[in-house]
*Asks:* 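Mind having a look at this structure? Questions to follow.
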Amino acid sequence: MLYTEKMKDNKNFLALYRRGRYIASKYSVIYVMPNNRPYNRFGITAGKKIGNAVNRNRAKRLIRLAYREAELKMPIGIDIVIVARKALCEIKSSEYSLYMMEQGVKEIARAIEKGIGNGKR
RNA sequence: UGAGCAGACUAUGUGACAGCAUGAACGCUUUUCAGUUCAUGAGGAAAGUCCGGGCAUCACAAAGCAGGGUAGCUGUUAACGGCAGCCGAGGGCGACCUCAGGGCAAGUGCAACAGAGAUAUACUGCCUGUUUUCGCAGGUAACGGUGGAAAGGCGAGGUAAGAGCUCACCAGUGUGCAGGAGACUGUACAGCUAUGUAAACCCUACCCGAUGCAACGUCUAUUGGUGCUUUAUAUCUUAACGUUCGCUUGACGGAUAUGAAGUAAUGACGGCUUUAACUUAUCGGCGACGGUAAGUAUAGAUAAAUUGUCACACUCGACAGAACCCGGCUUAUCGGUCUGGUCACUAC
RNA sequence: UCCUCCUUAGCUCAGUCGGUAGAGCACUCGGCUGUUAACCGAGUUGUCGCCCGUUCGAGCCGGGCAGGGGGAG
């Protein structure tokens with residue numbers, strides 16, 4: 001990935017869940033928050049609810065793929081965490097990529113603008 | 001042809017484009033990052049973590065107790081609670097399958113309800129004596145019912161009635177002899193009849209030190225507290241304290257306080273994949289397995305890699321994802337293929 | 001990676017050493033009251049998580065699965 005780091009620490013995840021904005025859909029929940037850095041930080045959550053190891057790995061793969069394809073359109077300087085939902089492992093990958101390219105990026109951009117607005121207030 | 005038994009193998013395939021991880025080479029560059037090309041890239045259960053072993057550490061890793069495990073025999077193995085062959089018991093017409101399969105003839109405990117009586121007894125009975133009868137005393141345990149189990153079973157003799165009291169056969173126990181590596185089998189004799197339950201306590205034989213790769217090792221930033229090591233001073237003494245899951249013994253370290261110096265944590269790297277390895281051939285063995293020869297190199301990540309889309313083919317694709325590594329066991333699973341026995345029916 | 005515990009009525013829990021499983025709340029019916037609540041009386045409710053085994057007989061003993069909780073690094 002071009003300008004993205006992996007997010008590893010649990011405290012970053014927790015901070016994002018508490019303070020970030022979220023975009024929910026049938027397949028996933030996307031948390032975003034500006035981080036004031038020259039790069040993005042990216043994390044994936046695939047919990048036990050989704051299923052066994054095969055399903056969790058598949059969900060992670062699909063999210064990574066979709067993020068890679070949509071990366072160029074993303075705003076820079078945000079923390080982003082995608083939480084997989086159960087419906088994600090039953091669909092084709094193209095469907096989720098498409099969703100990410102068309103809706104996801106727009107929603108993220110809008111959420112970031114709002115988030116910055118909130119921060120200023 | 002149908003039904004059934006045992007064992008082994010396999011786990012969609014091919015192509016195009018895009019993408020991921022590791023390694024090598026190339027070129028760029030002080031180096032790194034990024035790039036190009038090539039190679040390789042999950043399983044039969046990778047799972048559950050139920051056993052066993054390697055490896056590492058615990059200062060020595062010791063002895064006993066406690067605790068835990070195993071339980072026909074012989075073999076196999078690094079080891080095992082696995083596996084193979086055999087023995088015994090049970091099931092199936094059979095191929096074959098199942099068995100925690102040592103000891104209640106050491107001790108203790110438990111056995112509800114029913115039943116006269118549950119480890120010792122006498123209700124209904126039978127017989128003898130006595131008695132007008134009722135009943136009483138004695139003998140006896142075959143018959144009756146209860147129960148999972150009633151003191152060997154069944155038949156004959158015997159007797160007042162009966163009883164292993166006697167005999168034949170059978171079951172069980174012990175001893176001798178024969179066979180076998182052994183479990184055990186066969187046979188002769190003897191006295192005797194002994195309820196079940198050790199997946200109840202327990203006894204016998206054998207085995208087990210503990211903790212787990214987030215073990216552990218190397219390098220390194222910072223230093224307020226904390227732990228450890230070294231050293232100086234003071235105090236206490238040969239008993240206390242500390243060390244190894246519990247207890248005892250042994251062994252080892254003298255201990256505590258204060259000051260000074262060093263070191264550990266964090267992070268990175270190693271451990272991390274070449275082996276009790278795999279494939280083929282051959283030899284030994286009924287077999288598990290072992291020996292020899294040749295060949296092969298075949299995941300190693302750390303928020304964690306094998307995928308996505310399209311096309312074609314068919315039997316239309318189940319269960320499911322390595323995390324230190326092996327040998328098993330158990331559980332999940334769409335199907336398919338092959339081999340060897342068995343039974344029934346039909347035809348020749 | 002490893003260690004432990006639990007699963008019983010609709011809910012919360014008892015059930016020691018094996019012998020047909022209970023308590024409280026809830027629910028149903030009747031009484032009391034002008035009516036409701038409270039109170040009194042009576043009653044219903046279990047594949048003891050699932051599957052094997054040991055035993056004459058398992059909620060209980062042994063083994064294997066499943067689900068859930070807690071803990072250590």
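Labels below follow one simple rule: chain letters A, B, ... track the order of the sequence lines, proteins then strands, and each chain is numbered from 1.
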*Asks:* I want to verify the glycosidic state of B:G164; is it syn or anti under the 90° rule?
*Replies:* syn
*Asks:* Please report the distance separating the P of B:A183 from the corresponding atom of B:C202, rounded so that it comes out in whole Å.
*Replies:*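 Pairwise P distance, B:A183 against B:C202, rounds to 30 Å.
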*Asks:* Can you check the distance between B:A61 and B:G102, where both ends of the measurement are the C1' atom (answer in whole Å)?
*Replies:*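 That atom pair is separated by 35 Å.
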*Asks:* Reading 5' to 3' and counting Watson-Crick or G-U wobble pairs with both distances under 3.5 Å, write the dot-bracket notation for RNA chain C, | for bases paired outside the strand.
*Replies:* (((((((..((((.....[..)))).(((((.......))))).....(((((..]....)))))))))))).
*Asks:* If anything within 90° of 0 is syn and all else is anti, what is B:G92?
*Replies:*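 What B:G92 shows is an anti base, its glycosidic angle lying more than 90° from 0.
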*Asks:* In Å and rounded to the nearest 0.5 Å, what is the CD1 to CD1 distance from A:Ile80 to A:Ile23?
*Replies:* 7.5 Å
*Asks:* Both distances under 3.5 Å, Watson-Crick or G-U wobble: report the partner of B:C329, or none.
*Replies:*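 Here B:C329 is engaged in a pair, and the nucleotide opposite it is B:G48.
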*Asks:* Detail all sub-3.5 Å separations between protein N/O atoms and N/O atoms belonging to nucleotides 305-307 of chain B.
*Replies:*
none

*Asks:* Syn or anti for B:U298? Use the chi torsion, O4'-C1'-N9-C4 for purines and O4'-C1'-N1-C2 for pyrimidines, with syn inside 90° of 0.
*Replies:* syn
*Asks:* Would you classify B:G35 as syn or anti? Syn applies when the glycosidic angle is within 90° of 0.
*Replies:* anti
*Asks:* Between C:G57 and B:A332, how far apart are the two C1' atoms, rounded to whole Å?
*Replies:*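 35 Å, rounded to whole Å.
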*Asks:* Mind checking who B:C278 pairs with, Watson-Crick or G-U wobble, both distances under 3.5 Å?
*Replies:*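 With both distances under 3.5 Å, B:C278 matches B:G295.
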*Asks:* Taking B:C33 as the reference, what is the distance to B:A318 when you measure between their P atoms (whole Å, please)?
*Replies:*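 Going atom to atom, P in each nucleotide, I get 42 Å.
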*Asks:* According to the Watson-Crick and G-U wobble definitions, with both distances under 3.5 Å, which nucleotide is paired to B:G176?
*Replies:*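 B:U187 - that is the nucleotide pairing with B:G176, both distances being under 3.5 Å.
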*Asks:* Once you apply the 3.5 Å cut-off to both distances, tell me the Watson-Crick or G-U wobble partner of B:A21, or none.
*Replies:*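 B:U40 is the nucleotide pairing with B:A21.
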*Asks:* What integer number of Å spans the P atoms of B:A56 and B:U218?
*Replies:* 15 Å
*Asks:* Both distances below 3.5 Å, Watson-Crick or wobble geometry, any strand: find the nucleotide opposite B:A234.
*Replies:* B:U256
*Asks:* Take atom C1' in B:G246 and the same atom in B:U211, then report the distance between them in whole Å.
*Replies:* 16 Å
*Asks:* What interatomic distance, in whole Å, is found between P of B:G54 and the corresponding atom of B:C5?
*Replies:* 42 Å
*Asks:* Strictly by Watson-Crick or wobble contacts shorter than 3.5 Å, is anything paired with B:U195, and which nucleotide is it?
*Replies:* B:A111
*Asks:* Specify the separation, in whole Å, of atom CD1 of A:Ile63 and atom P of B:G19.
*Replies:* 21 Å
*Asks:* Identify whether the glycosidic angle of B:A84 places it syn (within 90° of 0) or anti.
*Replies:*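 Chi for B:A84 falls in the anti range.
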*Asks:* Given the C1' atoms of B:C343 and B:C184, what is the spacing between them in whole Å?
*Replies:* 33 Å
*Asks:* Should B:G290 form a Watson-Crick or G-U wobble pair with both distances under 3.5 Å, which nucleotide is its partner?
*Replies:*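 Across all strands, the one nucleotide that pairs with B:G290 is B:C283.
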*Asks:* Need the pair for B:A8. Rule: Watson-Crick or G-U wobble, both distances under 3.5 Å, any strand; none if unpaired.
*Replies:* B:U337
